[in-house]
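Below: one structure, written as structure tokens.
Along the sequence shown, residues carry numbers from 1.
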Amino acid sequence: MRVLVTGGTGFLGQAVLRQLAEKPFHIGSLQRASSTSVDDLLADGAATIETLILKPELKDICAQVEAFSPDVIVHIAAVSRAKEDEEGIRAMLEVNTLLPSLLAQSAARCGAKGMVVCGTSWQTSSPEYIYDPFNYYAATKQAAEDILVPFAKNGLNVISLRMFDNYGPSDWRNKVVDLVFNAVVAQEPLKMSPGFQKMDLVYVEDAAAAIVAATERAAGDPLDQLEVYGVSSGEHHSLRDLEALIGEIAEAAPPIQWGERPYRPNEIMEPNRKLARVPGWSPRVSLRKGLERVWESKRNALRLAK
């Protein structure tokens, strides 16, 4: 099977490529020229991955994709942290909405069987779990999902995965798990919101396994419609619970200053609990076990730095 992946140089994308490389697939990585070589990222014996370089403004992308002739396209690439100004809006629309639209068109033209797109749990931020985007990024993800519906109706197996936050060792994205662990290491105060919002944190290898399972499903029998699944750990913990658990694992209380920052506008206080999981997939790593792995990785890094 031929699988074309976007976002393969990102934290989650690297985990997906590693798992795909364990299977008898021909893998392509569609990426910008400035991105790290995936062969360097997977230099630990993984299979060679063909690289396709994105051109500015996505020029000639359809021809590139059709030349690769994938059976399944996996769209992980995203712009999520851009400011909601003109530059940021253009960047989010290009990667989150226009790119998957062109990929779907290319998939249909070259006879691909399916496409997997990574959305966000933030598409449903209200307690009723109806469409209510947390921010502009979530709205662009919903737009992409809606745009893909006609392709699904015309025979392309489309699966949209609503991704919850993922974490793991060697995460460079400066997200909450690493912020708290780094505060423990440095013993420097970390200003936080009041901390009562609940989170659903998925270990990165579990999140990658869900994407691989969806990829294999998209390559299988025809689907009746665009399918939507949640990539959720099933565990819901408040930010204060996370701080306490990290304190137990690190054997040192994180120096959190609660309430020194306000909640974000439209803060999600309860994660979506109603999304079905990808058939055949379930998370294997509990939050405690995942955090223990992160802490062990940080301790090893600190020992090497001495």
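The closest side-chain donor-acceptor pair between Glu270 and Gln197, if any, does not fall under 3.5 angstrom. Side-chain polar atoms of Lys298 and Asn182 form a donor-acceptor pair below 3.5 angstrom. Between the side chains of Thr124 and Asn272, a donor-acceptor pair is found at a separation under 3.5 Å. Side chain to side chain, Asn166 and Arg173 meet the donor-acceptor criterion of an N or O pair below 3.5 Å. A side-chain donor from one of Ser160 and Glu145 sits under 3.5 Å from a side-chain acceptor of the other.
Rounding to the nearest 0.5 Å places CG of Leu201 at 6.5 Å from OH of Tyr167. Summarising the geometry, atom CG belonging to Leu226 is positioned 9.0 Å from atom CG belonging to Leu156; distances are rounded to the nearest 0.5 Å. Here the CZ atom belonging to Arg299 is positioned 10.0 Å from the CZ atom belonging to Phe181, to the nearest 0.5 angstrom. Here the CD-CZ distance, from Glu50 to Phe68, works out to 5.5 Å after rounding to the nearest 0.5 Å. Going from atom CD1 of Ile268 over to atom CZ of Phe134 covers 5.5 Å, rounded to the nearest 0.5 Å. Within the model, atoms CG of Asp132 and OG of Ser125 stand 3.5 Å from one another, a figure rounded to the nearest 0.5 Å.
Leu239 is listed as a side-chain neighbour of Met192, based on a closest heavy-atom distance under 4.5 Å. Residues Leu190 and Gln257 are not in side-chain contact: their nearest non-hydrogen atoms beyond the backbone lie 4.5 Å or more apart. When side chains are defined from C-beta on, Val116 does not count as touching His75, because their heavy atoms never get closer than 4.5 Å. Val65 places a side-chain heavy atom less than 4.5 Å from the side chain of Leu103. Taking the side chain as every heavy atom from C-beta outward, Met199 and Leu242 approach each other to under 4.5 Å. Using a 4.5 Å heavy-atom threshold, the side chains of Asn266 and Asn135 count as separate. A 4.5 Å side-chain heavy-atom check between Tyr203 and Ser286 finds every atom pair outside the cut-off.
Under a 3.5 Å cut-off, the side chain of Gln19 and the backbone N or O of Val16 do not form any donor-acceptor pair. A side-chain donor-acceptor contact under 3.5 Å links Gln14 to the backbone of Thr9. With Asp85 contributing its side chain and Gly88 its backbone, the two residues share a donor-acceptor pair below 3.5 Å.
For the pair Ala144 and Asn96, the tightest heavy-atom approach, listed with the atom from each and the gap, is CB-O, 3.2 Å. In this structure, Gly195 and Ser238 approach most closely via the heavy-atom pair O-CB, 3.7 Å. Nearest approach of Ala138 to Gln123, heavy atoms of both residues: O-CG, 3.6 Å. Minimum heavy-atom separation, Gln105 to Cys62: OE1-SG, 3.3 Å.
In this structure, Arg288 pairs ionically with Glu248, as a charged nitrogen and a carboxylate oxygen lie closer than 4.0 Å. The pair Lys113-Asp71 fails the salt-bridge criterion, with no side-chain N (NZ, NE, NH1 or NH2) lying under 4.0 Å from an Asp/Glu carboxylate O.
Evaluation of the side chain to side chain donor-acceptor pair (under 3.5 Å) rule for Gln225 yields no partner, not counting sequence neighbours. Residues passing the salt bridge (Lys or Arg N to Asp or Glu O under 4.0 Å) test with Lys23 are Glu216, sequence neighbours excluded. A search for salt bridge (Lys or Arg N to Asp or Glu O under 4.0 Å) contacts involving Asp200 returns nothing, not counting sequence neighbours. Scanning for salt bridge (Lys or Arg N to Asp or Glu O under 4.0 Å) contacts around Glu86 gives Arg90, with sequence neighbours left out. Every salt bridge (Lys or Arg N to Asp or Glu O under 4.0 Å) that Lys289 has, sequence neighbours left out, goes to Glu292.
For residues 217-241, the set of pairs meeting the salt bridge (charged side-chain N to carboxylate O under 4.0 Å, His left out) definition, not counting sequence neighbours, comprises Arg217-Glu227.
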